[in-house]
Amino acid sequence: MLVLILNAGSSSVKYQVISPEERRVLAKGVVERIGMSGAILTHKKWDDKEIRLSGEILDHKMAIEYVLSILLSKNHGVIEDKSEIDAVGHRVVHGGEAFSGSVLITEEVMSEMRRCIDYAPLHNPPNLKGINAAMQLLPGIPQVGVFDTAFHQTMPKHAYLYGLPYTLYKRHGIRRYGFHGTSHRYVSERAAIFYGEPIEKLKLITCHLGNGASAAAIKHGKSIDTSMGFTPLEGLMMGTRSGDLDPAIILQIMHKEELTPNDATTLLNKHSGLVGVSGISSDMREIEEEYHESDRARLAHDIFTYRLKKYIGAYAAAMGGVDAIVFTGGIGENSSMVREHSLRDMEFLGIKLDREKNELPSKEEREITTPDSKVRVFVIPTNEELVIALDTMKIVSELKKN
Ligand code: ADP
């Protein structure tokens with residue numbers, strides 16, 4: 001089976017062609033600057049080098065058309081006919097309370113997704129554009145939606161409700177939804193295999209640290225709490241997002257700096273976090289390069305790791321213990337410094353980091369604690385596209401059986 005994975009953002013479409021049975025990526029790429037001048041398609045066939053093409057791409061439909069044409073092309077393609085694509089798997093950011101797992105996209109599902117636009121006004125509309133375009137360009141080919149929020153739908157009410165008037169939850173759906181669910185699910189399943197115990201017996205803390213960052217408490221295979229909330233702004237400090245703060249600060253700075261709600265949203269989402277504190281960069285590599293040179297880079301790094309440590313402690317408490325901690329995402333997978341600093345002085349919890357193992361650069365799944373560490377720590381590269389491909393295959397195979 002061949003699955004086309006689509007991740008449609010506001011001005012980009014990322015794609016992969018995956019054979020889920022073989023767990024193999026045949027081609028992948030991204031179309032960027034959709035609707036702007038100088039759109040670029042970057043494409044890589046598995047056994048070829050990366051190519052870059054530019055053109056005028058006005059909307060998501062044109063972008064996906066362009067992707068299909070390169071997938072069909074003689075030199076860089078991987079299929080001879082569109083019908084070789086058996087299904088399309090879409091990444092959808094927000095599934096609200098309606099979706100606790102991946103689903104076949106029907107008219108009903110689409111209208112439920114449209115209802116979730118309120119919760120993710122920046123993300124769900126482009127996701128829907130991608131779905132509409134794929135349906136038009138690949139008619140009759142089943143389309144599956146995989147939601148970032150779905151895995152966290154198992155959270156109990158006391159974890160997902162805020163200390164706000166209950167009517168706001170009822171009226172406007174104000175609650176914690178959580179994000180990065182596909183990644184937390186994938187790395188927790190891989191961690192259980194690495195640990196050698198069924199996931200139903202384990203208490204895991206997964207830390208997805210990329211440009212966006214979140215932690216999750218996964219008890220017996222179910223997400224019972226996660227750091228991102230109603231939107232992906234809450235929780236850990238991130239590249240450009242503030243993470244947790246006193247909500248009164250927002251009102252205060254809006255007043256003092258004469259900011260509109262839009263200005264405040266931009267400040268919290270784009271100019272805060274690592275870049276806001278350091279004044280240098282939102283990129284962890286650059287922060288680490290400046291760690292010993294710049295006080296503010298050090299401060300940004302220290303806030304990042306201190307807050308992560310607090311979440312690890314909180315989730316160990318929430319689950320009544322922890323068997324393993326998982327690091328993933330660009331920072332989690334690559335920054336030995338972030339892992340070391342956030343796990344520093346955690347021997348009381350049973351964490352004994354093996355500093356040498358932590359330093360070894362590797363793209364493989366690995367353990368970075370000593371053999372006598374009560375809590376094991378793993379570094380597990382995430383693979384959200386593979387999860388989308390596997391979910392899509394499962395749903396489509398069942399469809400064919402019926
Ligand atoms: P996204 O959330 O956009 O998918 P990624 O998961 O790719 O992002 O993570 C990007 C982050 O990973 C950036 O802050 C980048 O600096 C960081 N990163 C990548 N490699 C390293 C490294 N070797 N050391 C430290 N940070 C790294």
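In what follows, every heavy atom counts, from backbone to side chain, and hydrogens, waters and symmetry copies are set aside. Indexing begins at 1, ligand by ligand and atom by atom, following the structure's order.
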Atoms in ligand 1 flagged as close to Ser335, the criterion being non-hydrogen separation under 4.0 Å: 25 (C)
Side chain to side chain contact (heavy atoms under 4.5 Å, CB included) partner of Val92, chosen from Leu128, Asn124, Asp148: Asn124
Check: Tyr291 main-chain N/O paired with Arg298 side-chain donor or acceptor under 3.5 Å: yes
Main-chain N/O of Glu80 paired with Glu84 side-chain donor or acceptor, under 3.5 Å: yes
Closest protein heavy atom to atom 15 (C) of ligand 1, given as residue, atom name and distance to 0.1 Å: Asp283 OD1, 3.6 Å
Output field: ring centroids Tyr119/Tyr177 closer than 6.0 Å: yes
Side chains of Glu359 and Ser336, donor plus acceptor under 3.5 Å: yes
Shortest protein contact, atom 7 (O) of ligand 1 (heavy atom only): Gly330 CA, 4.2 Å
Per-residue contact class, Glu288 against ligand 1 - non-hydrogen pairs under 4.0 Å: side chain
Closest approach of any protein heavy atom to atom 20 (N) of ligand 1, naming residue and atom: Asn334 ND2, 3.4 Å
Geometric N/O contact Arg285 with ligand 1, under 3.5 angstrom: yes
Heavy-atom nearest neighbour in the protein, as seen from atom 13 (C) of ligand 1, with distance rounded to 0.1 Å: Asn211 OD1, 3.9 Å
Ring centre gap for His184 and His152 strictly below 6.0 Å: yes
Where ligand 1 meets Gly212 - atom numbers and elements under 4.0 angstrom, heavy-atom basis: 2 (O)
Heteroatom proximity flag, Ile331 to ligand 1, N/O under 3.5 Å: yes
Atom 4 (O) of ligand 1: any protein heavy atom closer than 4.0 Å: no
Donor on one side chain, acceptor on other, Glu50 and Thr42, under 3.5 Å: no
N or O contact, Met284 vs ligand 1, cut-off under 3.5 Å: yes
Modelled atom types, side-chain donor and acceptor of Tyr306 and His341, under 3.5 Å: no
